[in-house]
Amino acid sequence: MKSVKVILLSVVALLLVSCGTTSTVPITGRKQNLLVSDEQVLSLSNQQYQEYMKTAKASTNAANTAMVKRVGQKLANAVVSYLNANGLGAEVSQYKWEFNLVQDKQVNAFCMPGGKIVVYEGILPVTQDEASLAIVLGHEIAHAVAKHSAERLSNAYKQQYGMQIIGAVAQGAGVSTGLAQLGTQVLGVGAQAWSSGFSRKQESEADHMGLIFAAMAGYDPQVAVNFWQRMSSATGGGSSSIFSDHPTDATRIQQIQGWLPEAKKYYKPTASVSSKSSVKSSGKTIKISSKKNKKK
């Protein structure tokens, strides 16, 4: 009888894994299994976003705030055009783009589903120019377009189901309650599906997509290499605070260099993309000229 219970519960586990919808990530073509709908994810994320914005302090720097919104909107327009042109117009309606600059010294930025993106002032001295800021915002937009939050939440649900199944299987097989509880604890995961904690696979995918989105918007994707070199210096050479659980900076730079030929196919410089920008910090305005890297 116990063996029958184990078999039945194992079948249930397989059914849980196989249920949901299969989605294809734009650009990369990766398949993902989602157990939650766009509506469910947007509802949850909008609630958290509203709560966060009630406590966040908006930047008082008008020039930098305008820069974040300007660069963000260029990227959003390019992404919407890409989605419409590739038969993904139905996805466009879920995005209500917002780009916010908040007072925080952390070298950080995060996204929420539906196009809600927050940039911390602390990252601007590292980005230095609009093109590098586009690399950051492109990465964040990629998380939303690739539905990484829905994927992570789906995985958390699978783990939750798995916890219950493992506990039942353990008891059905005669395993002690204490051991079953231990197995449940080991399988436990958090369900915070946005702002941090994406997997390394998702982070690399966002780097890839974000690089191309920046190029689509008219920003030179080549600046990503120098940006990540600056980020590595600013964070001591390890995984930076901007993206927790990410590949090391050295790995990211190597991957980006491999994606650059693809990204450059989408790059068409526009007159509206300035080669100079200013980052005002602590009452001082620092002007930075962006320089193209020479090929070695």
Side-chain angles (χ1 to χ4, degrees), residues 14 16-42 45 72 74-95 97 110-115 117 134-158 193-194 197-225 228 243 245-248 251-268:
L14 290 173
L16 286 170
V17 171
S18 63
C19 68
T21 60
T22 299
S23 178
T24 302
V25 179
I27 295 178
T28 68
R30 181 174 66 86
K31 302 294 183 181
Q32 57 187 179
N33 182 252
L34 304 178
L35 298 180
V36 293
S37 66
D38 291 338
E39 291 76 16
Q40 290 172 316
V41 174
L42 290 173
S45 65
K74 287 179 181 177
L75 283 157
N77 292 343
V79 169
V80 168
S81 295
Y82 171 82
L83 294 176
N84 283 328
N86 287 273
L88 298 170
E91 302 286 325
V92 173
S93 61
Q94 69 177 280
Y95 298 111
W97 302 101
F110 68 85
C111 75
M112 288 187 176
I117 295 175
I135 298 299
V136 173
L137 293 181
H139 176 104
E140 297 302 339
I141 288 174
H143 277 310
V145 173
K147 300 184 180 181
H148 285 162
S149 292
E151 186 174 25
R152 187 166 187 267
L153 191 56
S154 296
N155 290 338
Y157 280 155
K158 290 177 185 178
W194 28 80
F198 292 111
S199 70
R200 290 186 180 182
K201 177 173 65 178
Q202 291 174 327
E203 291 301 340
S204 292
E205 187 169 61
D207 282 344
H208 184 182
M209 295 172 64
L211 194 69
I212 291 175
F213 289 160
M216 288 177 178
Y219 294 99
D220 186 357
Q222 181 69 38
V223 304
V225 175
W228 278 108
F243 311 124
D245 270 345
H246 288 46
T248 63
T251 298
R252 303 187 90 139
I253 291 170
Q254 183 179 22
Q255 289 177 330
I256 286 170
Q257 289 173 329
W259 294 320
L260 277 175
E262 178 187 3
K264 287 179 179 178
K265 294 178 181 178
Y266 294 89
Y267 176 47
K268 294 180 180 180

Original post:
Can you check side chain to side chain donor-acceptor pair (under 3.5 Å) on Thr22 and Lys31, steps first, answer last?
Top reply: CA-CA 7 Å; Thr22 299; Lys31 302 294 183 181; over 6 Å; no
Subject >> Candidate pair Glu205 and Arg200, rule salt bridge (charged side-chain N to carboxylate O under 4.0 Å, His left out), full reasoning >> reply: CA-CA 8 Å; Glu205 187 169 61; Arg200 290 186 180 182; over 6 Å; no
Original post:
How far apart are the C-alpha atoms of Ile27 and Glu262, what are their side-chain angles, what is the distance that settles it, and do they pass the side chain to side chain contact (heavy atoms under 4.5 Å, CB included) test?
Top reply: CA-CA 11 Å; Ile27 295 178; Glu262 178 187 3; 4.2 Å; yes
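Contact check on Arg30 versus Glu151 returns a salt bridge, with a Lys/Arg side-chain nitrogen under 4.0 Å from an Asp/Glu carboxylate oxygen. We find that Lys264 and Asp220 are not joined by a salt bridge, their nearest charged nitrogen and carboxylate oxygen being 4.0 Å or further apart.
Here the CG atom belonging to Leu137 is positioned 6.0 Å from the CG atom belonging to Leu75, to the nearest 0.5 angstrom. One finds the CG atom of Asp207 at 10.5 Å from the CD1 atom of Ile253 (value rounded to the nearest 0.5 Å). Rounded to the nearest 0.5 angstrom, Ile117 CD1 and Phe110 CZ are separated by 10.0 Å. To the nearest 0.5 Å, atoms CH2 (Trp228) and OG1 (Thr251) are separated by 11.5 Å. Glu140 contributes atom CD, which lies 12.5 Å from atom CZ of Phe213 (distance to the nearest 0.5 angstrom). Within the model, atoms CD of Gln222 and OH of Tyr267 stand 10.0 Å from one another, a figure rounded to the nearest 0.5 Å.
Contact check for Ile256 versus His208: no side-chain heavy atoms found under the 4.5 Å cut-off. A 4.5 Å side-chain heavy-atom check between Val225 and Leu260 finds at least one atom pair inside the cut-off. In this structure, the side chains of Gln32 and Thr24 stay at 4.5 Å or more apart for every pair of heavy atoms. Within the 4.5 Å cutoff, no side-chain heavy atoms of Lys74 are placed close to those of Met216.
Minimum interatomic distance between Leu211 and Ala224 (heavy atoms only, all atoms of both residues): CD1-CB, 3.6 Å. The two residues Ala214 and Ile135 have their closest heavy-atom pair at CB-CD1, 3.9 Å. Shown here for Val41 and Ala150, the closest heavy-atom pair between the two residues is CG2-CB, 3.7 Å. Minimum interatomic distance between Val145 and Tyr95 (heavy atoms only, all atoms of both residues): CA-OH, 3.2 Å. Between Leu34 and Ser23, the shortest heavy-atom contact is CD1-CB, 4.0 Å. Residues Ala144 and Gly115 approach most closely at CB-N, 4.5 Å, considering heavy atoms.
With hydrogens and angles ignored, the 3.5 Å screen pairs a side-chain donor or acceptor of Gln40 with a backbone N or O of Ser37. In this structure, the side chain of Ser45 engages the main chain of Leu42 through a donor-acceptor pair within 3.5 Å.
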Please report, to 0.1 Å, the donor-acceptor pairs under 3.5 Å made by any side chain of residues 79-86, with sequence neighbours excluded.
from, atom 1, to, atom 2, distance (Å)
Ser81, OG, Asn77, O, 3.0
Asn84, ND2, Val80, O, 3.2
Asn86, ND2, Tyr82, O, 2.7

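Checking Gln255 against Ser204 by side-chain atom types alone, a donor-acceptor pair falls below 3.5 Å.
Between His139 and His143, the ring planes are perpendicular. Angles over 60° get that label, and only those under 30° would be called parallel.
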